[in-house]
Amino acid sequence: MTWEELLASPFKISTVTTHNSCYLTETRRMFNMSDEAFHKMMRVAHRRLTDDLEGHGISYDSLAKALLPQHGRKETALLFDSEVASARSRGFYGHDVAEAWIPALPKVKSGVPVNSILRGDILEGPLDQIALALQESVIHHRPHRYVHPRQMYCVYINNLSPTQDRELRRAVEEHPAYIGYADCSGRNALKQYLGMSLMNSGLRVGDQILDGVLHDGRSFDGTPNAAGLPYKENGFTPTAIREYLFLPFLSYRINSHLTGRNAEDAYAALTTLSPDAYLVESPAIWMTPSRYEYLHDASKHLVSLQRAGLDHLDHPALEAVVSKLVAQGHIYNLRFNEYGALLYTSMVEVDTGGGEYKTFTIGLKFNPGDKRVELITFF
């Protein structure tokens with residue numbers, strides 16, 4: 001395939017993120033890359049990832065539910081006391097608690113389950129604020145006094161059905177270090193600190209655990225599961241994916257409120273979509289009169305506007321509110337379709353009253369000609 005054919009071909013990329021590593025930002029800085037060069041690099045890298053996955057019998061599109069926040073699906077943070085687990089394992093507390101959560105991963109019943117797995121200590125954020133967030137957000141399995149927030153070790157798993165979520169939590173309750181869980185399907189006080197602290201530990205695809213491993217540019221002989229977690233003992237096969245492909249494209253970004261701290265992510269995602277799209281990191285969203293009417297059609301999107309408390313706004317006011325929301329949201333689902341349209345979505349949280357937040361997806365279309373962004377859907 002030539003450059004021209006690759007760049008002209010349709011694509012769908014669920015997520016592009018920089019939060020797990022400095023690979024993209026440092027590569028761009030080191031080589032002083034133009035936006036055009038960065039765009040080409042990302043398109044080639046994603047094509048290479050797609051080919052690598054196919055070699056493992058995996059379709060990239062089949063991973064979308066583990067890479068995109070899903071309305072109606074559960075995201076759960078399991079909390080363990082690392083001091084208790086360390087005492088049981090001579091300091092290897094991550095391995096110790098893995099003996100509880102790995103066997104508890106959802107069993108294959110129909111289809112191929114996909115889940116992103118993040119884990120680590122809660123290290124980012126002021127200690128007093130983390131302690132308060134733990135008190136507010138965690139549903140305790142047993143009484144626990146937080147001696148130090150840094151003792152909290154977290155395993156975060158997404159794309160769970162309510163039944164899978166309950167079964168997962170029930171299965172880990174026997175572990176002596178288990179404290180409780182936080183429901184992270186929506187906003188809570190703890191979620192922003194988890195989003196800054198936790199590293200992607202793997203992407204579960206059926207009985208495979210995809211794991212990013214180092215690649216020296218000449219050979220690829222990395223061994224997955226360097227931490228030695230008990231995957232094989234529980235019927236899973238660790239599968240190596242080149243780290244420089246795994247980190248940007250297969251890392252799940254917890255959808256937390258990070259206004260002002262997601263500029264690099266926004267640049268990487270938008271420039272992957274189009275070399276000109278970075279100009280609309282904080283766009284003034286517009287919509288046609290017919291689109292405004294469409295969103296207010298009771299048989300289509302009106303219920304979403306009502307849930308967000310935005311159904312009373314006139315056309316200019318709705319454009320202004322949506323523009324503000326998009327500037328604060330995370331970018332997902334980059335598409336260049338067969339009709340030549342550049343599309344993406346912004347996942348946003350709206351205060352629907354009384355401090356209660358609901359999550360909405362805003363569908364957007366970027367027009368390279370006039371560098372404007374049009375609202376397509378709101379749900």
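Note that these values count all heavy atoms, side chains included, but never hydrogens, waters or copies made by symmetry. No experiment lies behind these values; they were computed from the predicted model shown.
The NZ atom of K232 lies 13.0 Å from the CD1 atom of I102; values are rounded to the nearest 0.5 Å. The distance from the CE atom of M42 to the OG1 atom of T272 is 3.5 Å, given to the nearest 0.5 Å. Residue N337 holds its CG atom at 8.0 Å from CG of L342, rounded to the nearest 0.5 Å.
Under a cut-off of 6.0 angstrom, the local environment of CD in E374 is crowded, with over 12 non-hydrogen atoms contributed by other residues, nucleotides or ligands. The number of heavy-atom neighbours closer than 6.0 Å to OH of Y23, taken from other residues, nucleotides and ligands shown, is above 12. In K365, the NZ atom is not crowded: 12 or fewer heavy atoms of neighbouring residues, nucleotides or ligands sit closer than 6.0 Å.
There is a path of hydrophobic side-chain contacts, each under 4.5 Å, that joins F236 to L160. Under a hydrophobic-cluster definition in which Ile, Leu, Val, Met, Phe, Trp and Tyr are linked whenever side-chain heavy atoms come within less than 4.5 Å, directly or via other members, Y339 and Y344 are assigned to different clusters. Linking Ile, Leu, Val, Met, Phe, Trp and Tyr whenever their side-chain heavy atoms come within less than 4.5 Å puts L203 and V16 in one cluster. Y244 is connected to F31 through a chain of hydrophobic side-chain contacts under 4.5 Å among Ile, Leu, Val, Met, Phe, Trp and Tyr, so both are in one cluster. The same ILVMFWY cluster, assembled from side-chain heavy atoms under 4.5 Å apart, contains both L79 and L118.
Residue pairs that meet the side chain to side chain donor-acceptor pair (under 3.5 Å) test with at least one member in residues 172-181, sequence neighbours left out, are D96-H175.
Electrostatic pairing of E167 and R170 does not count as a salt bridge here, judged by no charged N lying under 4.0 Å from a carboxylate O. Note on R88 versus E99: no salt bridge recorded, every NZ/NE/NH1/NH2 to OD/OE distance being 4.0 Å or above.
In this structure, the side chains of R335 and T345 come closer than 4.5 Å at one or more pairs of heavy atoms. Side-chain atoms of L270 and I331, non-hydrogen and from C-beta on, do get closer than 4.5 Å to each other. Two residues are said to be in side-chain contact when any heavy atoms from C-beta on lie closer than 4.5 Å; L53 and S59 fail this criterion. Here the side chains of R307 and F379 are not in contact, with every heavy-atom distance at 4.5 Å or above. The shortest side-chain heavy-atom distance between F378 and L305 falls under the 4.5 Å cut-off. The closest side-chain heavy-atom distance from L78 to V97 is not below 4.5 Å. Here the side chains of T239 and I209 are not in contact, with every heavy-atom distance at 4.5 Å or above.
Aromatic rings of F11 and H46 (six-membered ring for Trp) have centroids beyond the 6.0 Å cut-off, not under it. Taking the six-membered ring for Trp and the full ring otherwise, the centers of Y60 and F249 sit at least 6.0 Å from each other. The six-membered or imidazole ring of Y93 lies away from that of F80, with a centre-to-centre distance of 6.0 Å or more.
Heavy-atom minimum distance, W286 versus V373: CD1-O, 3.0 Å. Residues C184 and L194 approach most closely at SG-CD1, 4.0 Å, considering heavy atoms.
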Quick one: do D121 and S197 satisfy side chain to side chain contact (heavy atoms under 4.5 Å, CB included)? Show the steps, please.
-> CA-CA 7 Å; D121 304 296; S197 298; over 6 Å; no
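Under the rule for a side chain to side chain donor-acceptor pair (under 3.5 Å), the partners of N367 that lie at least two apart in sequence or sit in another chain are D370. For D52, the side chain to side chain donor-acceptor pair (under 3.5 Å) partners two or more places apart in sequence, or in a different chain, are R242.
In terms of modelled atom types and a separation under 3.5 Å, the side chain of S9 and the main chain of L6 share a donor-acceptor contact. No donor-acceptor pair under 3.5 Å is formed between the side chain of D211 and the backbone N or O of P238. No donor-acceptor pair under 3.5 Å is formed between the side chain of S137 and the backbone N or O of L134. Between the T359 side chain and the G186 main chain, no donor and acceptor come within less than 3.5 Å of each other. Judged by distance alone, the side chain of D351 and the main-chain N or O of Y357 form no donor-acceptor pair under 3.5 Å. The backbone N or O of E356 lies less than 3.5 Å from a partner atom in the side chain of T352, making a donor-acceptor pair. Although no hydrogens or angles enter the test, the distance criterion places a donor-acceptor pair under 3.5 Å between the side chain of H39 and the main chain of T271. Within the 3.5 Å criterion, the main-chain N or O of G228 finds a donor-acceptor partner in the side chain of H95. Put simply, the side chain of D297 never gets that close to the backbone of E293: no donor and acceptor are under 3.5 Å apart. The main-chain N or O of G202 is never found under 3.5 Å from a side-chain atom of N200 such that the two would form a donor-acceptor pair.
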Could you list the donor-acceptor pairs under 3.5 angstrom formed by side chains in residues 65-73, with sequence neighbours left out?
from	atom 1	to	atom 2	distance (Å)
Q70	NE2	L68	O	2.9
H71	NE2	T361	OG1	2.9
R73	NE	N159	OD1	3.0
R73	NH2	N159	O	3.1

Taking only distance into account, with no hydrogens and no angle test, what donor-acceptor pairs under 3.5 Å do side-chain atoms of residues 313-320 form with protein atoms, sequence neighbours excluded?
from	atom 1	to	atom 2	distance (Å)
D314	OD1	A317	N	2.9
H315	NE2	M287	O	2.9
H315	NE2	E319	OE2	3.1
E319	OE2	M287	N	2.9

Could you go through residues 125-133 and list every donor-acceptor pair under 3.5 Å that involves a side-chain atom there, pairing it with any protein atom two or more places apart or in another chain?
none

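Between the side chains of S161 and T163, no donor-acceptor pair of N or O atoms lies under 3.5 Å. For the residue pair E83 and Y153, no side-chain donor N or O sits within less than 3.5 Å of a side-chain acceptor on the partner.
With Y332 as the aromatic partner, R253 meets the cation-pi criteria of under 6.0 angstrom to the ring centre and within 45 degrees of the ring axis.
Note on ring orientation: taking the six-membered ring where Trp is involved, the planes of Y231 and W101 are perpendicular (angle over 60°, cut-offs 30° and 60°).
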